[in-house]
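Lettering follows sequence order; numbering is per chain, from 1.
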Amino acid sequence: MKWKRTHNCGILTGKDVGQNVILMGWVSTRRDHGGIIFIDLRDRWGITQINIRPESRAYEEAKKLRNEWVVAFQGVVEPRPAGMVNKNLATGEIEVLASDMQVLNSAITAPFNITGENVASEDIRLKYRYLDLRRSEMQKNLILRHKVAQLVRAFFSEHDFLEIETPFLMKSTPEGARDFLVPSRTSRGKFFALPQSPQTYKQLLMISGFDRYFQIVRCFRDEDLRADRQPEFTQIDVEMSFVTEEDIFVIMEGLMACILKEILDIEIKRPIPRISFDDAMRLYGTDRPDVRYGLEIADITEIVKNSEFKVFSEAAKSGKRVAGICAPGCANYSRKQQDDLAAWARQRGAGGLAAVKVGAGLLEGSLAKFFENGQSQAIIEACAAREGDMLFFCAEERDLSRQILAELRGEMAKRLKLIDHQKMSLTWVVDFPLFEWSPDRNRYVALHHPFTSPVPDDEDKMLSDPGHVRARAYDLVLNGLEIAGGSIRISKQSLQQKMFDALGISKAEAEQKFGFLLEALQYGTPPHGGIAFGFDRLIMILAGCTSIRDVIAFPKTASATSLMDGAPSPVDVEQLVELGLRIKK
RNA sequence: GGGGUCGUGGUGCAGUUGGUUAGCACAUCGGCCUGUCAAGCCGAAGGUCGCGGGUUCAAGUCCCGUCGGCCCCGCCA
């Protein structure tokens with residue numbers, strides 16, 4: 001490389017006209033007119049049009065240029081002729097009239113188009129991820145990711161937080177997700193685990209006195225993948241001492257306000273609304289409600305218990321819930337549309353889906369005759385329905401009812417185009433249960449994690465009535481996606497021990513697995529709590545993507561492999577021998 | 001572990017109820033062209049339809065299996 005670059009490809013504008021410049025980048029497109037040749041030269045800052053005329057010293061060489069070759073151009077910034085300005089380009093007012101050129105590297109033909117429409121399928125993109133990342137969309141996403149990371153660091157730093165790194169090689173702990181294990185060479189037969197989150201470390205940092213900690217940190221969970229779940233992902237991890245929920249909410253609301261303002265220029269209203277877990281489940285059927293639209297669930301079990309409509313009354317009497325949503329203005333739904341929706345619900349495990357039209361103050365249609373006027377009116381009132389609406393009900397066990405209606409809400413919102421995609425709706429979900437019954441393990445498990453503090457009033461129920469103990473836990477939900485979750489932690493050793501008891505973890509096991517924490521808690525632990533954001537998910541939403549793979553530079557496939565480098569892969573026998581491992585056939 | 005869906009030249013797609021030489025766009029190569037910006041025009045090369053088996057006179061098209069991508073359930077404190 002004989003030359004030194006003077007400018008990047010996204011910066012030159014009309015005010016630079018006349019300057020002699022040297023640009024370097026990739027050939028994005030070439031337009032060879034036989035005489036004049038145009039090259040769109042691309043780097044991560046943008047695209048600049050290079051104009052190569054037959055009289056230029058670069059001309060003969062430029063005829064050989066192909067897409068994705070790496071080249072340097074020397075030339076003068078010139079204004080484009082009248083009417084030739086490209087408004088789609090930041091540099092569209094100018095072009096560089098090339099006087100000389102150097103090919104820095106040629107390129108073989110790319111396996112897919114890097115510029116233009118015609119986006120390759122995802123497996124090809126993943127195999128050639130380094131080329132996929134040249135596409136402007138991917139560049140935009142990773143630049144956005146960087147910007148948010150910097151905002152987060154600046155925000156926390158300004159609020160007196162310290163970024164402290166914690167180990168990736170740690171002790172495997174029970175509970176929670178499956179660990180990724182790393183065999184130890186020096187302690188043969190023993191294993192490290194990669195952190196599912198730095199949970200215990202950040203609590204220990206609080207004990208150490210590092211009040212106000214944060215970290216943008218990789219976490220690892222060996223569980224099956226989803227569009228919003230990767231085996232390694234990034235959290236914004238936060239912990240504070242001498243705080244209550246309110247202190248944490250205030251800081252996190254400040255962070256979200258800052259990010260949404262800086263990135264999307266959206267002002268959010270603070271405080272962010274809160275909803276209890278119970279209310280969320282009752283009104284939305286899920287603990288992460290999308291509140292960009294209404295369509296709240298109405299429970300009419302008690303109203304229809306004594307109705308003539310056997311499907312409802314018998315279900316109600318047998319303990320099932322009869323509940324539904326009101327679809328505004330859908331009274332004109334055809335028989336076929338109703339049947340399709342019922343089939344859709346049956347596919348999800350429902351027995352069926354009853355559709356009832358709302359007329360002037362009374363229900364209408366084939367089911368209406370089963371309800372007395374009083375019942376009819378009560379149903380309309382419970383659903384806050386108006387004439388011209390359509391009510392959809394199912395009669396199922398509580399959990400299935402919630403699950404189906406939660407999905408139905410989403411489906412109807414989509415069909416009725418009730419979702420404002422510009423909108424960012426944040427909600428705190430609070431008052432989670434501390435425990436959840438696990439039929440698999442035949443015991444209660446921690447809904448959040450075993451270090452979550454119970455609500456003080458409920459402490460005495462931890463062993464006698466675990467199902468009704470509330471947790472000092474909270475989630476932050478953005479447009480129906482959980483983007484953060486946290487809690488006030490247990491800071492007393494005795495309460496932590498009680499927690500393990502309630503979880504059916506023996507003294508011996510607790511000592512073996514969490515002994516270090518139980519011991520540490522006795523050395524003067526401040527009350528503390530925190531939260532962790534799913535950084536990838538947050539970026540995904542801000543970028544308007546539907547998969548976190550699109551905001552991660554080198555993601556894994558749904559089966560947790562890397563198509564680019566072929567990981568995971570077999571290793572040499574020698575490596576296994578060193579570790580004292582043998583592969584079972 | 002289960003369910004769904006996709007798999008056709010380098011890439012993205014089309015291929016009717018199974019039936020003559022598998023189409024189109026972009027990319028590639030060659031030619032023409034001095035103002036384009038997804039340049040244009042002319043021409044060429046390139047696929048046996050993920051893989052294996054089966055049904056049939058005949059399969060890209062039907063069936064079974066298998067591999068891979070994606071989505072969902074389980075799982076994810």
Side-chain angles (χ1 to χ4, degrees), chain A residues 28-42 47-56 59 66-68 78 80-89 91-92 95 97 108-128 131-132 173-179 195-197 199-200 219-231 233 347-349 403 407 432-436 438-441 444-452 471 473 482 485-487 499-500 503 505 514 532 534 546-547 549 555-561 563:
Chain A
S28 192
T29 55
R30 66 191 166 93
R31 294 177 290 279
D32 183 344
H33 288 243
I36 191 168
I37 299 172
F38 294 107
I39 297 289
D40 282 348
L41 195 67
R42 184 194 70 230
I47 283 176
T48 299
Q49 176 166 287
I50 310 292
N51 179 345
I52 306 144
R53 296 185 168 276
E55 57 272 24
S56 166
Y59 188 73
R66 292 296 179 268
N67 285 346
E68 302 309 318
E78 298 223 317
R80 295 197 188 184
M84 298 296 168
V85 168
N86 186 343
K87 290 189 188 72
N88 300 319
L89 240 48
T91 60
E95 63 190 7
L97 185 64
I108 58 174
T109 303
F112 53 84
N113 300 343
I114 286 157
T115 305
E117 324 291 284
N118 209 340
V119 176
S121 61
E122 201 171 353
D123 48 341
I124 304 278
R125 288 172 50 207
L126 288 173
K127 180 170 180 190
Y128 299 96
L131 297 180
D132 186 40
T173 54
E175 299 288 302
R178 190 179 294 115
D179 281 328
Q196 299 170 24
S197 84
Q199 183 61 38
T200 49
C219 302
F220 306 85
R221 294 179 189 176
D222 190 6
E223 297 293 347
D224 287 343
L225 291 78
R226 288 287 188 283
D228 61 354
R229 267 163 42 189
Q230 284 272 306
F233 61 99
Q347 215 177 344
R348 282 156 180 77
Q403 185 192 320
E407 283 193 62
F432 278 83
L434 187 63
F435 302 106
E436 172 183 49
S438 167
D440 283 356
R441 278 165 280 195
Y444 280 96
V445 295
L447 185 70
H448 189 58
H449 59 51
F451 316 110
T452 298
E482 182 200 326
S487 63
M499 183 72 180
F500 289 140
L503 291 170
I505 298 174
F514 294 112
T546 53
S547 163
R549 290 186 301 275
K556 306 283 187 289
T557 66
S559 47
T561 64
L563 295 178

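Per the geometry, CG belonging to A/Asp228 stands 9 Å off P belonging to B/rC73, to the nearest Å. Rounded to an integer number of Å, the gap from CG of A/Asn51 to P of B/rA39 is 15 Å. If you take CD1 of A/Ile124 and C1' of B/rC6, they are 13 Å apart, rounded to a whole angstrom. Atom-to-atom, CD1 of A/Ile37 to C1' of B/rG40 comes out at 15 Å; the value is rounded to the nearest Å. Spacing between atom NZ of A/Lys87 and atom P of B/rC37 amounts to 14 Å, rounded to whole angstrom units. The distance from atom CE of A/Met84 to atom P of B/rA39 is 16 Å, rounded to the nearest whole Å. Taking atom CD on A/Glu407 and atom C1' on B/rG4, their separation rounds to 14 Å, with Å as the unit. Rounded to whole Å, the distance from CZ on A/Arg125 to P on B/rG7 is 18 Å.
When the C1' atom is used for both B/rU17 and B/rC62, the distance is 12 Å, rounded to whole Å. With both ends at atom C1', the span from B/rG4 to B/rG40 equals 45 Å, rounded to whole Å. Comparing the P positions of B/rG30 and B/rA45 gives an interatomic distance of 15 Å, to the nearest angstrom. Taking atom C1' on both B/rC67 and B/rC33, the two are 49 Å apart, rounded to the nearest angstrom. Rounded to whole Å, the P atom of B/rG43 lies 12 Å from the corresponding atom of B/rA25. For the C1' atoms, the distance from B/rG54 to B/rG18 is 15 Å, rounded to whole Å. Rounded to a whole angstrom, the distance from the C1' atom of B/rU56 to that of B/rU61 is 13 Å. Annotation: B/rU34 and B/rC41 have their C1' atoms spaced 16 Å apart (nearest Å).
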Under 3.5 Å, which N/O atoms of the protein pair with N/O atoms of nucleotides 43-45 of chain B?
none

Output a table of nitrogen or oxygen pairs between the protein and nucleotides 68-70 of chain B separated by less than 3.5 Å.
from   : atom 1 : to       : atom 2 : distance (Å)
B/rG69 : OP1    : A/Thr557 : OG1    : 3.1
B/rG69 : OP1    : A/Ser559 : OG     : 2.9
B/rG69 : OP2    : A/Ser559 : OG     : 3.1
B/rC70 : OP1    : A/Ala558 : N      : 3.2
B/rC70 : OP2    : A/Ala558 : N      : 2.8
B/rC70 : O3'    : A/Arg549 : NH2    : 2.9

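Using a 4.0 Å cut-off between charged nitrogen and carboxylate oxygen, A/Arg348 and A/Glu407 count as a salt-bridge pair. A salt bridge links A/Asp40 with A/Arg31; the closest basic N to acidic carboxylate O contact falls under 4.0 Å.
For A/Asp228, there are no side-chain hydrogen bond (donor to acceptor under 3.5 Å, both in side chains) partners, not counting sequence neighbours. Residues forming a side-chain contact (heavy atoms from CB on, under 4.5 Å) with A/Ser197 (at least two apart in sequence, or on another chain): A/Gln199, A/Cys219, A/Arg221, A/Gln235. Residues forming a side-chain contact (heavy atoms from CB on, under 4.5 Å) with A/Asn67 (at least two apart in sequence, or on another chain): A/Val27. Not counting sequence neighbours, A/Asn86 has no partner by the side-chain hydrogen bond (donor to acceptor under 3.5 Å, both in side chains) test. Under the rule for a ring pair (Phe, Tyr, Trp, His ring centres under 6.0 Å), A/Phe112 has no partner lying at least two apart in sequence or in another chain. Residues satisfying the ring pair (Phe, Tyr, Trp, His ring centres under 6.0 Å) test with A/Tyr128, not counting sequence neighbours, are none. Residues passing the ring pair (Phe, Tyr, Trp, His ring centres under 6.0 Å) test with A/Phe233, sequence neighbours excluded: none. Remark: A/Arg66 pairs with A/Arg30, A/Trp69 by the side-chain contact (heavy atoms from CB on, under 4.5 Å) rule, at least two apart or across chains. Contacts of A/Pro433 classified as side-chain contact (heavy atoms from CB on, under 4.5 Å), with partners at least two apart in sequence or in another chain: A/Phe277, A/Leu447.
Looking at A/Arg221, its side chain has no donor and acceptor atom pair within 3.5 Å of the base of B/rC76. Within 3.5 Å, a donor on the side chain of A/Asn86 pairs with an acceptor on the base of B/rC37, or the reverse.
B/rU11 has no base stacking with the ring of A/Phe112 when judged by centroids under 5.5 angstrom apart and an interplanar angle below 30°.
A/Asp222 comes within contact range of no nucleotide atom at all, as no heavy-atom separation falls under 4.0 Å. When heavy atoms are screened at a 4.0 angstrom cut-off, A/Ile47 is found touching no nucleic acid atom at all. Within 4.0 Å of A/Leu225, counting heavy atoms only, lies no atom of the nucleic acid at all. Residue-level contact check: A/Pro450 touches the bases, meaning some heavy atom is under 4.0 Å from a base atom. Residue contacts shown for A/Arg441 are limited to sugar-phosphate atoms, with no base heavy atom under 4.0 Å away. A/Thr29 comes within 4.0 angstrom of the backbone, heavy atoms only, and of no base.
Within the 4.5 Å cutoff, the side chain of A/Phe38 has heavy atoms near those of the A/His33 side chain.
Of all nucleotides present, only B/rG54 satisfies the Watson-Crick or G-U wobble test against B/rC62, with each distance under 3.5 Å. Across every strand in view, B/rU5 sits in a pair with B/rG69 that passes the Watson-Crick or G-U test at under 3.5 angstrom. Across all strands shown, B/rU21 forms no Watson-Crick or G-U wobble pair with both key distances under 3.5 Å. Across the strands present, B/rC32 finds its partner in B/rG40; the criterion is a Watson-Crick or G-U wobble pair with both atom distances under 3.5 angstrom.
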Verdict with supporting geometry, A/Asp132 and A/Leu126, side chain to side chain contact (heavy atoms under 4.5 Å, CB included): CA-CA 7 Å; A/Asp132 186 40; A/Leu126 288 173; 5.9 Å; no
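Mapping A/Phe38 and A/Ala120 onto RNA chain B by nearest heavy atom places A/Ala120 at the nucleotide closer to the 5' end. In this structure, A/Gln199 and A/Pro81 both approach RNA chain B, and ranking their closest nucleotides by distance from the 5' end singles out A/Pro81.
Between A/Arg31 and the phosphate of B/rU36, there is no side-chain N or O to OP1/OP2 separation shorter than 4.0 Å.
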Assign a letter to each nucleotide of nucleotides 24-29 of chain B from its 5' end: B, base within under 4.0 Å of a protein heavy atom; S, sugar-phosphate only; -, no contact. --BSSS
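Side-chain contact of A/Ser438 with A/Asp440: a donor-acceptor pair under 3.5 Å is absent, judged by distance alone.
Under a cut-off of 6.0 angstrom, the local environment of NZ in A/Lys127 is sparse, with at most 12 non-hydrogen atoms contributed by other residues, nucleotides or ligands.
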